[in-house]
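One-based numbering, in listed order, for ligands and for the atoms of each. Scope of the values below: all heavy atoms of this structure, side chains included, with no hydrogens, waters or symmetry mates.
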Amino acid sequence: MTILDKIIAHKRREVADRQSLVPVKLLETSLYMEATPLSLRRYLLRDDLSGIIAEFKRKSPSKGVINAHAPVERTTLGYMQAGASALSVLTDTEFFGGKNEDLTTARRYNFCPILRKDFVVDEYQIIEAKSIGADAVLLIAAVLSGEEVLRLGRLAKSLGMEVLLEIHDAQELDKTLHPDAVSLVGVNNRNLHDFVVSLDTSGELAQRIPNDYVKVTESGLTSAADIRALREVGYRGFLMGEAFMRHARPELACAALVQQL
Ligand SMILES: O=P(O)(O)OC[C@@H](O)[C@@H](O)c1c[nH]c2ccccc12
């Protein structure tokens, strides 16, 4: 059993539990259900912004605790003041130390697209994402069939949210790329089964992703040089977490990097 299998098994139980505690009917009473989401796609295509999707992540299965103290308010607001294009907030508790309230807090402090970073396996989580104030959701091809991506993606779209489809190889891309459901494709440089990180993954897959999708490169990015090199091959979004979060003041690390772009 890989760590990814463990995460997914846990997630299925968690979603079942939560669904009985907070039924969809209750989620639907959230005021955020009526909000019009911001387009991640459009923000990433803006030439006056960096393209950075700055992530709030306290810990991860591969790195353990990254930052236990940084507050969501100051960090996310600081990320945006530093020149990030959008935010990503981990909401998984068990493995990443996040929670739904982190996203809602980020929502209250920022006017920008927010990606809900979690392991989506059920429609319930899509409605939940909308109810906590997310603008976009991540769907991970390594854990979903093509049909599931289509079904979950269409639901997200019907609620006005955009879908970032995460892939790690060409096979996953071919299996799950549905123009109807997906607006952005993210290449995860980290293999979720064994955690090996290589930016070459993004380099190799760039040309295989049709240009109608906004291309995002995820994980293992540490420098302005990484961003410049991947922008050169077609990426418009740069998802970065640890490189910022391992500093006591992640937002200052983000500002320092943006200065170098
Ligand atoms: O901290 P990094 O190496 O900059 O990576 C950020 C982000 O790409 C990573 O957190 C991530 C990418 N895909 C995921 C899926 C689930 C949880 C986390 C992730």
Chemist: Check each atom of ligand 1 against the heavy atoms of E242 and keep those under 4.0 Å away; list them by number with element.
Modeler: 1 (O), 2 (P), 4 (O)

Chemist: Which residue and atom name correspond to the protein heavy atom nearest atom 8 (O) of ligand 1, and how close is it?
Modeler: S219 OG, 2.7 Å

Chemist: What class does the angle between the rings of F95 and H10 fall in, given that below 30° is parallel, 30 to 60° is tilted and above 60° is perpendicular?
Modeler: perpendicular

Chemist: Applying the 4.5 Å side-chain criterion to the ILVMFWY set and letting contacts propagate, would I167 and I8 be lumped into a single cluster?
Modeler: yes

Chemist: Under 6.0 Å from the ring centre and within 45 degrees of the ring axis: does the NZ or CZ of R46 meet both conditions for the six-membered ring of Y43?
Modeler: yes

Chemist: What about V121 and L27, same hydrophobic cluster or not, with Ile/Leu/Val/Met/Phe/Trp/Tyr joined at side-chain heavy-atom distances under 4.5 Å?
Modeler: yes

Chemist: Number the atoms of ligand 1 from 1 as they appear, then name those within less than 4.0 Å of a heavy atom of K57, with their elements.
Modeler: 1 (O), 2 (P), 5 (O), 6 (C), 9 (C), 10 (O)

Chemist: Which of the atoms of ligand 1 are close to M240, meaning less than 4.0 Å from one of its heavy atoms?
Modeler: 4 (O)

Chemist: Do ligand 1 and G220 have nitrogen or oxygen atoms that lie under 3.5 Å from each other?
Modeler: yes

Chemist: Side chains of S183 and R41 only: does a donor on one sit below 3.5 Å from an acceptor on the other?
Modeler: no

Chemist: Nearest 0.5 Å, what's the NZ-CD1 distance between K63 and I66?
Modeler: 7.0 Å

Chemist: Using heavy atoms and a 4.0 Å limit, tell me yes or no: is L221 in contact with ligand 1?
Modeler: no

Chemist: Would V197 end up clustered with I140 when hydrophobic side chains under 4.5 Å apart are linked, directly or stepwise?
Modeler: no

Chemist: Checking side-chain polar atoms at under 3.5 Å, does T104 have a donor or acceptor matched by the opposite partner on N100?
Modeler: no

Chemist: Which bit of R190 gets closer than 4.0 Å to ligand 1, counting heavy atoms only: side chain, backbone, both or neither?
Modeler: side chain

Chemist: Looking at atom 6 (C) of ligand 1, what's its closest protein heavy atom, distance included?
Modeler: E55 OE2, 3.4 Å

Chemist: Do G241 and ligand 1 have an N or O pair less than 3.5 Å apart?
Modeler: yes

Chemist: What is the closest protein heavy atom to atom 17 (C) of ligand 1, and at what distance does it sit?
Modeler: F96 CZ, 3.5 Å

Chemist: Taking atom types as modelled, is there a side-chain donor on T201 or N189 under 3.5 Å from an acceptor on the other?
Modeler: no

Chemist: Give the residue, atom name and distance (to 0.1 Å) of the protein heavy atom nearest atom 18 (C) of ligand 1.
Modeler: K117 NZ, 3.6 Å

Chemist: Counting from 1, what ligand 1 atoms have a heavy atom of F119 closer than 4.0 Å?
Modeler: 16 (C), 17 (C)

Chemist: Provide the number and element of each atom of ligand 1 under 4.0 Å from a heavy atom of E166.
Modeler: 12 (C), 13 (N), 14 (C), 15 (C)

